[in-house]
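Letters A, B, ... are given to chains in the order of the sequence lines, protein chains preceding strands, and every chain is numbered from 1.
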2 protein chains.
Amino acid sequence: MIETPTPADPAEPEPTARRRGRPPRAESADTRDRILTVAREEFSERGYEKTSVRGIAKAAGVDSALVHHYFGTKEQVFEAAISVSFSAALHAPEAVAAGPLDGVGERLTRFVFGVWDNPATRAPLLAVLRSAVNNETAAAVFRRVIATQLLRRIAAQVDLPDAELRAELAAAQIVGTAMMRYVIKLEPLASADLEQIIARIAPVVQHHLTAR
Amino acid sequence: MIETPTPADPAEPEPTARRRGRPPRAESADTRDRILTVAREEFSERGYEKTSVRGIAKAAGVDSALVHHYFGTKEQVFEAAISVSFSAALHAPEAVAAGPLDGVGERLTRFVFGVWDNPATRAPLLAVLRSAVNNETAAAVFRRVIATQLLRRIAAQVDLPDAELRAELAAAQIVGTAMMRYVIKLEPLASADLEQIIARIAPVVQHHLTAR
DNA sequence: GTCTATAACCTGATAGAC
DNA sequence: GTCTATCAGGTTATAGAC
């Protein structure tokens, strides 16, 4: 889906030769990455609608036309910026899905809140959550990554009726809590100790997945 | 989609007279209400950023200047449109907060999902949720209404440590589920029978509020 | 009260120069 | 590769006519 327009030339023909005539602004090998990083920040801070291609370009120190040059439309910029890092952030290690079933609730809760509580890894989640609520593209990313990469693998472990529904209600508890804490900033939840929250959430997640 | 904006003129001054070109300045009494109703629909369908004053004006059959005339800035339009109906929609009847404590989980769950499952009453909730995630004004409305009008009254019933935190985690389960079902539309949750969801959620809400 | 007209922006996207 | 210039819209908000 994402398919980079591919600058895709890791091996320059003349590695030693100095750049000729045209004054290079910088190595453009990472210009693309810089745009992508900035885009991720902008989208996570402002959401899809409020983020502008021009704003991304300015923050990355390039022209807006260059953003289009690399990624195409705004929606393609968004998808490129988000889905990679989001998918990376939530690519649950085997440890969550595997392991004893009676500890899956705590493992899952710890894993997700670990990602959320780290400001660096929180950014892509914020971006997707902020945007998924107002933008169908983002909602699709959310569904795809959450559902296929995380929930389905957990549901597969649960040998009970309605395993998928169970996994989704468990996810709803986690995502809802993250939203209240990190986005809406409802007090006292927003300032509460993370361990206290995990202690309350993990059993509920476990209950959703395996009770009865 | 949200159902009719209430043509809203039950008592016409001249029931038989046909409408002519020059509207008599008589009936602006409900022009304001019509704008407000339309604004609520637009905000709930599109969120704050994507909704335009011009769009509201056009849908209400008036000029955009008139919207500003009545309400001021776009943010003031938003606050007027949202906070009334949201507060009305979630003004929990005494029955939720009162009554036996061991039934509060189910009463709260039923009440909130009852509102969410009705397309008419869902609109203001969607508007606030869509907007609260991207807009601080909306987040403030959300905090204020949710926290003071609903959670605090429930927490007051719970005579346990961390009563407020408990109420917020319960709310997180409900709001998270509503978001997954009505906004993200994660399957099978989005198509699941409401009673089945309530049967799974209510005990968890109860657990959050009163367990241990 | 209601609308026309317009000021003063911002937006995504593209063609083409260097 | 990168940027300038520009198109064809869109936006909020206000001044002022009727």
Side-chain angles (χ1 to χ4, degrees), chain A residues 4-14 17-36 38-39 42-43 46-81 131 134-135 137, chain B residues 8-9 13 19-36 38-39 42-43 46-81 131 134-135 137:
Chain A
T4 58
T6 146
D9 230 305
E12 201 72 38
E14 298 181 61
R18 203 65 203 96
R19 285 288 175 113
R20 311 182 314 272
R22 196 179 9 80
R25 175 152 169 53
E27 281 313 87
S28 86
D30 64 357
T31 298
R32 208 194 113 102
D33 281 354
R34 203 169 65 249
I35 293 173
L36 214 53
V38 167
E42 297 273 309
F43 281 124
R46 294 187 243 288
Y48 182 83
E49 312 297 342
K50 250 184 166 168
T51 298
S52 72
V53 175
R54 286 164 130 93
I56 293 170
K58 183 184 281 186
V62 301
D63 191 88
S64 69
L66 195 59
V67 179
H68 287 120
H69 173 70
Y70 276 125
F71 299 100
T73 72
K74 179 184 176 181
E75 224 172 53
Q76 290 173 303
V77 179
F78 176 76
E79 185 137 12
S131 309
N134 289 287
N135 182 269
T137 301
Chain B
D9 227 307
R19 231 28 124 84
R20 284 173 31 250
R22 182 82 156 70
R25 62 214 245 121
E27 44 157 6
S28 80
D30 67 353
T31 299
R32 211 192 111 103
D33 280 356
R34 202 170 66 248
I35 292 173
L36 213 55
V38 168
E42 297 273 310
F43 280 125
R46 295 188 241 288
Y48 182 82
E49 312 298 339
K50 255 183 162 166
T51 299
S52 72
V53 176
R54 285 162 128 92
I56 293 170
K58 183 184 282 185
V62 300
D63 190 89
S64 68
L66 195 58
V67 179
H68 287 121
H69 173 68
Y70 276 124
F71 298 100
T73 72
K74 180 185 177 181
E75 223 171 54
Q76 291 173 302
V77 179
F78 175 77
E79 183 137 17
S131 309
N134 289 287
N135 181 271
T137 302

Nearest to the side chain of A/Arg54, which nucleotide is it out of D/dC3, D/dT2, C/dG12?
-> C/dG12
Using whole Å, report how far CZ of B/Arg32 lies from P of C/dT2.
-> 12 Å
Candidate nucleotides C/dT2, D/dA13, C/dT11, ranked by approach to the side chain of B/Thr31 - the nearest | C/dT2
Listed nucleotide nearest any side-chain atom of B/Ala65, set C/dG12, C/dC3, C/dA15 | C/dC3
Rounded distance (Å) that lies between atom P of D/dT2 and atom CD1 of A/Ile35 = 8 Å
Mind checking whether A/Leu36 and A/Tyr70 have side chains closer than 4.5 Å, heavy atoms only?
-> no
Side chain to side chain contact (heavy atoms under 4.5 Å, CB included) partners for A/Ser131, two or more places apart | A/Tyr48, A/Phe78, A/Ala138
Hey, does the side chain of B/Tyr70 come within less than 4.0 Å of C/dG1's phosphate (OP1/OP2), counting only N and O?
-> no
Which pairs, with at least one residue in residues 61-79 of chain B and sequence neighbours excluded, count as a salt bridge (charged side-chain N to carboxylate O under 4.0 Å, His left out)?
-> B/Glu79-B/Arg144
For A/Asp63 and C/dA13, give me the distance from atom CG to atom P, rounded to whole Å.
-> 14 Å
Looking only at C/dC3, C/dT14, C/dA13, the nucleotide nearest the A/Thr73 side chain is C/dA13
Separation of D/dG1 atom P from A/Asp30 atom CG, nearest Å, is 14 Å
Integer-rounded Å distance: C/dT2 P and B/Arg34 CZ | 8 Å
Over how many whole Å does the gap from B/Glu75 atom CD to D/dA13 atom P extend?
-> 9 Å
Does A/Arg46 reach the main-chain N or O of A/Thr51 with its side chain, forming a donor-acceptor pair under 3.5 Å?
-> no
Separation of atom NZ in A/Lys74 from atom P in C/dC10, rounded to whole Å | 15 Å
Protein-nucleotide distance (A/Lys50, atom NZ; D/dG10, atom P), rounded to Å = 22 Å
Closest of C/dG1, C/dA13, D/dT14 to the B/Leu66 side chain is C/dG1
Short side-chain N/O contact from A/Ser64 to OP1 or OP2 of C/dA13, under 4.0 Å | no
Please check if the side chain of B/Gln76 supplies one atom and the backbone of B/Thr73 the other of a donor-acceptor pair under 3.5 Å.
-> yes
